[in-house]
*Asks:* 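Sharing a structure below in structure tokens format, with a few things to ask.
What you are looking at is a predicted structure, and each value in this text was computed from that prediction instead of being measured.
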Amino acid sequence: MFSPFIFTFLCPCQSPLCTDIISATFHRGENILEERYNPQKVEQKWQKYWAERNIFKTEADSSKKKFYCLEMFPYPSGKIHMGHVRNYAIGDVIARYKRMCGFNVIHPMGWDAFGMPAENAAIKEGIHPAKWTYENIAYMKKQLNQLGLSYDWDREVTTCSPDYYKWNQWFFLKMYEKGIAYRKSSFVNWCPSCMTVLANEQVIDNGCWRCDTAVIKKELEQWFFRITQYAEDLLKACDELKGWPEKVVLMQKNWIGKSEGLEADFKVAGRDEKIRIFTTRADTLFGATFVCLAPTHPLAEKLVADKEAIKKIKEHYGKEDEKIGLFTGHYAVNPANDEKIPIYIANFVLMEYGTGAIMSVPAHDQRDFEFAKKYKLPIREVIVQESRGLASGESQRRQGVKGSSENTILPSNPHELEAAFEEDGVLIDSSSYSRLKSDVARIEIAKHIEKKGLGKRVVNYKLRDWGISRQRYWGTPIPVIYCEQCGVVPVLEQELPVILPEDVKFTGTGGSPLAESEKFVNTICPKCKGKARRETDTMDTFVDSSWYFVAYCVDNGKIDFQSLTPNPQSPISYWMPVDQYVGGVEHAVLHLLYSRFFTRVIKDLGIINSPEPFTNLLTQGMVCKETLKCPEHGWLLPEDVKDEKCIKCGKAVDIGRVEKMSKSKKNVIDPDHLINRYGSDTSRLFSLFAAPPERDLEWSDQGVEGAYRFLNRIWGIVYKNKVQIQNAKFKIEELSNCQLSAVSLLRKTHQTIKRVTNDIEREYHFNTAIAALMELVNDLSSFEPKSDSDWKAFRFGIETLVLLLSPFSPHISEELWESIGNKKSILEQKWPLWDESIAQEEEIELVIQINGKVKAKIMIPAGLPDDDVREKALDEPKIQEILKGKALKKVFIVKGKLVNIVI
RNA sequence: GCCGAAGUGGUGGAACCUGGUAGACACGCACGUUUGAGGGGCGUGUGGGGUAACCCGUGCGGGUUCAAAUCCCGCCUUCGGCACCA
């Protein structure tokens with residue numbers, strides 16, 4: 001294992017003529033400061049060094065301040081992509097920085113290992129999902145280590161392992177006990193291609209989130225988590241998420257979608273039944289001219305004999321088609337005025353929201369308006385704009401109309417209306433509520449209905465309970481048994497985990513693959529010991545990722561929630577919540593909301609203290625690249641294009657927009673190639689330098705070259721001056737009285753510490769932090785040390801540079817740190833501090849403006865009193881000339897910056 | 001349709017939090033230098049216009065201010081999210 005290796009690398013210039021093939025033989029720990037920077041050699045050396053010492057291992061220690069740095073764990077799809085590189089580079093900088101700042105940093109990684117691609121691979125290629133998954137994990141883990149990420153692998157979790165999913169099942173049982181997990185029959189989103197149920201969040205534009213196939217509605221018995229029980233809490237707590245991007249908080253709020261309104265009963269005329277409707281616009285109650293039921297509403301079937309007609313409406317249910325409806329032949333009684341209005345069944349009314357029935361007010365709701373126009377239903381205006389309610393010309397004129405003896409405002413002619421008036425206004429034609437404003441009337445009318453016992457004020461949420469059943473193999477078996485005698489019986493806690501059987505065939509057709517396994521399905525009822533069948537559905541994989549961040553906190557990866565009692569001393573209490581979470585914005589609602597829900601459930605179980613999992617959230621932008629498209633051959637790889645022409649057909653290639661990297665658009669960069677060619681230090685550096693983390697990053701081959709060049713320059717400076725640097729030992733106090741020639745370098749070094757520190761602290765703006773390092777390198781490379789103290793200042797500059805660079809490009813930093821004579825790993829060094837008095841400039845450039853326009857710039861000593869600054873500015877010959885014969889009106893002085901002379 | 005974000009050189013971006021020299025840093029380009037040559041390295045220049053003094057410049061139009069990329073109002077464009085949610 002420790003025998004010398006021979007590695008052969010191509011010269012990074014990649015020129016076909018280049019003969020610089022580098023053969024390297026090296027042992028562990030060998031000092032390799034050669035003239036040429038060889039990233040592969042350096043990176044392997046230090047990765048090995050870190051791994052052998054298990055240097056990133058952390059343990060809970062209540063005497064130390066903790067920092068939990070977490071990046072979203074990947075799905076092991078095969079290889080990592082540039083999005084991962086960016087995500088994990090960002091997280092790693094934070095982890096390494098915080099570690100150097102003295103925090104006890106937990107920085108774990110794992111695998112979101114259940115999911116459909118594994119099963120699809122099984123269907124297509126006959127590989128068992130477990131084999132496929134574990135092989136991918138092995139490869140991707142190697143890749144992550146090649147990136148030099150500072151993970152404590154002792155905490156690794158793999159969600160498809162029984163040790164892990166056992167706890168999915170345990171949480172399920174706990175939730176079942178509390179009534180949070182329950183079973184009901186419902187219409188679900190069904191993807192005919194994936195043959196599975198999809199959560200609402202997994203339906204995008206009416207298509208499957210994975211394969212885009214149009215989703216259909218299907219009725220099935222499903223397991224649900226009652227996330228709606230936490231809706232109000234999840235919503236309220238949104239305002240406490242100070243460390244989250246506002247847009248994500250807003251998306252969560254919108255997703256929860258709270259609305260307050262009134263539920264009211266409309267009696268069905270001549271029958272002993274009533275229709276309960278939900279409205280947020282109780283102020284328009286007097287304008288209701290018909291009632292609509294969802295086609296799946298229980299009353300729909302009762303009121304209409306023609307089942308075929310209902311079926312037809314169902315076909316258009318929930319789609320963005322034209323609105324279609326069916327008159328039931330029955331009438332409903334408006335509880336406000338006892339008016340009889342027709343009952344319709346309409347495709348646009350959703351059973352899932354509110355009560356599945358609405359009162360239709362066509363004058364004040366655009367959907368009802370369109371429906372009313374189509375079916376020639378009356379439109380009655382009951383709200384008018386406030387200005388019209390007062391002494392406007394129109395209302396004056398209309399007041400003259402016969403029959404309106406009292407001072408009422410009359411509606412406009414409904415036939416003239418072109419759209420519904422949906423805003424708030426003043427009520428008309430609403431009995432005693434007329435002339436009230438909408439907001440007041442809404443409450444008064446609701447109170448009235450409540451008093452009459454015909455309804456109640458309610459709060460409604462768009463958020464629906466989380467359907468977790470999936471008709472798939474590669475997921476956590478739901479730990480439930482169906483007994484003919486006892487019905488639904490949960491699996492006993494001590495029987496967990498319910499293990500996924502191996503003897504399953506993957507045909508890709510039919511329902512749950514688990515149903516095929518006799519051994520799995522047939523079991524005994526835990527209660528009566530009679531014959532029983534197991535549940536054959538598995539859990540949504542979002543369950544797995546809703547609590548993995550808690551699992552990481554358990555030392556040595558041995559999760560055991562069962563024996564945990566509420567305990568402030570437990571490692572979970574110590575580490576949770578996550579201080580910094582980093583991941584893609586695509587999880588703004590799905591994963592993040594479920595995690596918040598789960599964390600609340602776990603808190604209620606007494607396992608953790610905080611209801612919120614993630615204190616600070618950083619959503620990084622996508623990695624994008626320009627697309628190339630041939631009119632004949634479609635998307636092209638860069639190598640299929642020469643001189644902007646397709647090499648297959650010679651047609652001019654369309655250089656398309658910069659878009660998110662995706663295999664289908666052929667605009668991807670394989671991180672393996674990048675690492676082989678430039679090394680991971682360069683890859684990391686580029687992805688951090690090209691844009692601030694929250695913004696999209698545009699790929700640029702030249703940009704990568706630039707990052708590589710930068711590291712080479714540093715390497716070159718250290719190599720060239722190695723001996724002198726090694727000899728230039730100094731004590732930090734000595735530097736304060738170094739010779740004049742070194743003062744500006746010393747100052748620049750302190751300024752760089754300040755800038756890099758502030759840029760990291762202030763919203764992780766790594767791009768500007770790296771720019772500051774580049775400036776320091778520019779100064780270092782033009783500095784020519786002559787005296788002893790020059791060399792000391794130079795060494796200080798180099799050491800500081802390397803320390804500041806180490807979170808970004810850790811391997812080269814370690815190597816250079818060692819090569820200038822340091823024995824201990826850079827990981828054991830403290831983050832440098834700057835001295836404000838040294839960082840301060842002695843002279844500043846004063847800008848002199850006249851009427852806001854720059855006219856001159858002069859150098860003045862820093863901290864000069866205002867009067868002197870004013871005098872110097874006015875004495876400047878150029879200014880004198882302009883001022884000649886003009887009267888000064890005022891002079892503004894901005895300390896340390898400029899003077900503006902107003903004339 | 002609703003909600004949100006962003007528009008700055010040839011390009012990525014900086015300065016926006018806290019109004020005060022617009023364009024840090026990098027890429028690209030040009031010229032020079034090194035080299036047998038290519039690549040690479042090093043050096044200089046590089047917002048636009050003008051010989052120059054100067055003038056113009058942060059999507060467009062207004063406003064506040066001695067001073068606006070920055071604050072306020074209106075509009076346009078692009079991107080993202082939600083979308084029959086009653």
Side-chain angles (χ1 to χ4, degrees), chain A residues 11-18 20 204-205 245-248 250-251 253-255 257-259 261 277-281 284 292 318-321 323 346-350 352-361 364-368 370-371 422 460-464 585-586 588-589 621-622 657-658 686 689-692 694-707 709-710 712-713 716 755 762-763 765 767-775 777-778 781-782 845-854 856-857 889-903:
Chain A
C11 172
C13 78
Q14 295 260 316
S15 160
L17 296 172
C18 180
D20 295 342
I204 293 148
D205 290 332
E246 275 177 54
K247 97 173 156 179
V248 174
L250 197 71
M251 279 163 80
K253 282 184 179 173
N254 290 341
W255 194 265
K258 181 180 182 174
S259 61
I277 62 97
F278 172 72
T279 181
T280 54
R281 291 297 301 272
T284 64
C292 288
K319 291 189 186 156
E320 278 180 72
D321 303 12
K323 292 180 176 48
N347 69 324
F348 70 92
V349 179
L350 307 173
E352 294 89 341
Y353 186 76
T355 58
I358 60 164
M359 66 167 191
S360 285
V361 186
H364 304 293
D365 183 288
Q366 190 57 27
R367 293 156 298 175
D368 298 344
E370 285 163 25
F371 193 86
E422 294 185 310
N460 239 308
Y461 299 92
K462 256 163 61 176
L463 182 71
R464 275 163 250 165
V585 73
E586 65 271 22
V589 272
M622 298 179 296
R657 288 192 306 137
V658 174
F686 168 73
F689 177 62
E694 71 281 2
R695 252 206 263 182
D696 284 354
L697 181 151
E698 190 186 327
W699 188 260
S700 152
D701 291 335
Q702 286 106 338
V704 181
E705 292 277 354
R709 209 175 299 163
F710 170 66
N712 268 294
R713 286 186 73 193
R755 276 180 62 188
R762 190 169 66 94
E763 317 208 353
H765 277 188
N767 56 331
T768 50
I770 293 165
L773 292 177
M774 288 173 168
E775 282 187 40
V777 170
N778 290 343
S781 66
S782 58
E845 190 185 48
L846 181 77
V847 171
I848 309 170
Q849 296 182 330
I850 292 187
N851 290 343
K853 302 219 169 197
V854 181
K857 295 174 187 180
K889 278 196 193 135
K890 195 156 184 182
V891 177
F892 291 87
I893 297 172
V894 182
K895 272 223 179 341
K897 280 199 173 139
L898 62 64
V899 174
N900 187 15
I901 302 161
V902 184
I903 54 171

*Asks:* Is the phosphate of A14(B), meaning OP1 or OP2, less than 4.0 Å from a side-chain N or O of N767(A)?
*Replies:*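 Yes, N767(A) has a side-chain N/O under 4.0 Å of OP1/OP2 on A14(B).
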*Asks:* Determine the contact category for L350(A): base if any of its heavy atoms lies under 4.0 Å from a base atom, sugar-phosphate if only primed atoms, P, OP1 or OP2 are that close, otherwise nothing.
*Replies:* base
*Asks:* Choose from C82(B), G13(B), A22(B) the nucleotide whose nearest atom is closest to any side-chain atom of V854(A).
*Replies:* A22(B)
*Asks:* Which residue lies toward the 5' end of RNA chain B, D365(A) or I893(A), if each is placed at its nearest nucleotide?
*Replies:* I893(A)
*Asks:* Indicate, yes or no, whether a donor-acceptor pair under 3.5 Å links the base of U21(B) to the side chain of E845(A).
*Replies:*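 A donor-acceptor contact between them is present.
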*Asks:* Tell me if G39(B) is syn or anti. Syn = glycosidic torsion within 90° of 0, anti otherwise.
*Replies:* anti
*Asks:* At under 4.0 Å between heavy atoms, how does the protein contact nucleotides 42-50 of chain B? Give one character per nucleotide, 5' to 3', with B, S or -.
*Replies:* S--------
*Asks:* Report the C-alpha separation of V704(A) and W699(A) in whole Å, then their side-chain angles, then the decisive distance to 0.1 Å, and conclude whether the side-chain contact (heavy atoms from CB on, under 4.5 Å) test is met.
*Replies:* CA-CA 9 Å; V704(A) 181; W699(A) 188 260; 3.5 Å; yes
*Asks:* Are the side chain of R367(A) and the backbone N or O of K323(A) linked by a donor-acceptor pair below 3.5 Å?
*Replies:*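 Side chain of R367(A) to backbone of K323(A), a donor-acceptor pair under 3.5 Å: no, none is there.
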*Asks:* Could you please name the option among A24(B), A26(B), G20(B) that lies closest to any side-chain atom of L898(A)?
*Replies:*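 For L898(A), the side-chain atoms sit closest to G20(B).
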*Asks:* Using atom CG of L697(A) as one end and atom C1' of G12(B) as the other, report the distance to the nearest whole Å.
*Replies:* 9 Å
*Asks:* Heavy atoms only, 4.0 Å cut-off, all strands: where does S360(A) land among base, sugar-phosphate and nothing?
*Replies:* nothing
*Asks:* Is any side-chain N or O of S259(A) closer than 4.0 Å to OP1 or OP2 of A86(B)?
*Replies:*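 Yes, such a contact exists.
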*Asks:* Could you check how far CG of N712(A) sits from C1' of G39(B), rounded to whole Å?
*Replies:*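 Rounded to whole Å, this separation is 14 Å.
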*Asks:* What is the nucleic acid contact for K897(A), judged by heavy atoms within less than 4.0 Å: base, sugar-phosphate only, or nothing?
*Replies:* sugar-phosphate
*Asks:* Within the structure shown, what part of the strands sits under 4.0 Å from Y461(A) by heavy-atom distance: base, sugar-phosphate, or nothing?
*Replies:* nothing
*Asks:* Holding to side chain to side chain contact (heavy atoms under 4.5 Å, CB included), I want the full list of residues that pass it with T355(A), two or more places apart in sequence or in another chain.
*Replies:*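 Result, side chain to side chain contact (heavy atoms under 4.5 Å, CB included) vs T355(A): E263(A), R276(A), F278(A), A357(A).
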*Asks:* Between the protein and nucleotides 61-66 of chain B, which nitrogen or oxygen pairs are less than 3.5 angstrom apart?
*Replies:*
unit_1	atom_1	unit_2	atom_2	d
C66(B)	O2	N900(A)	ND2	2.6

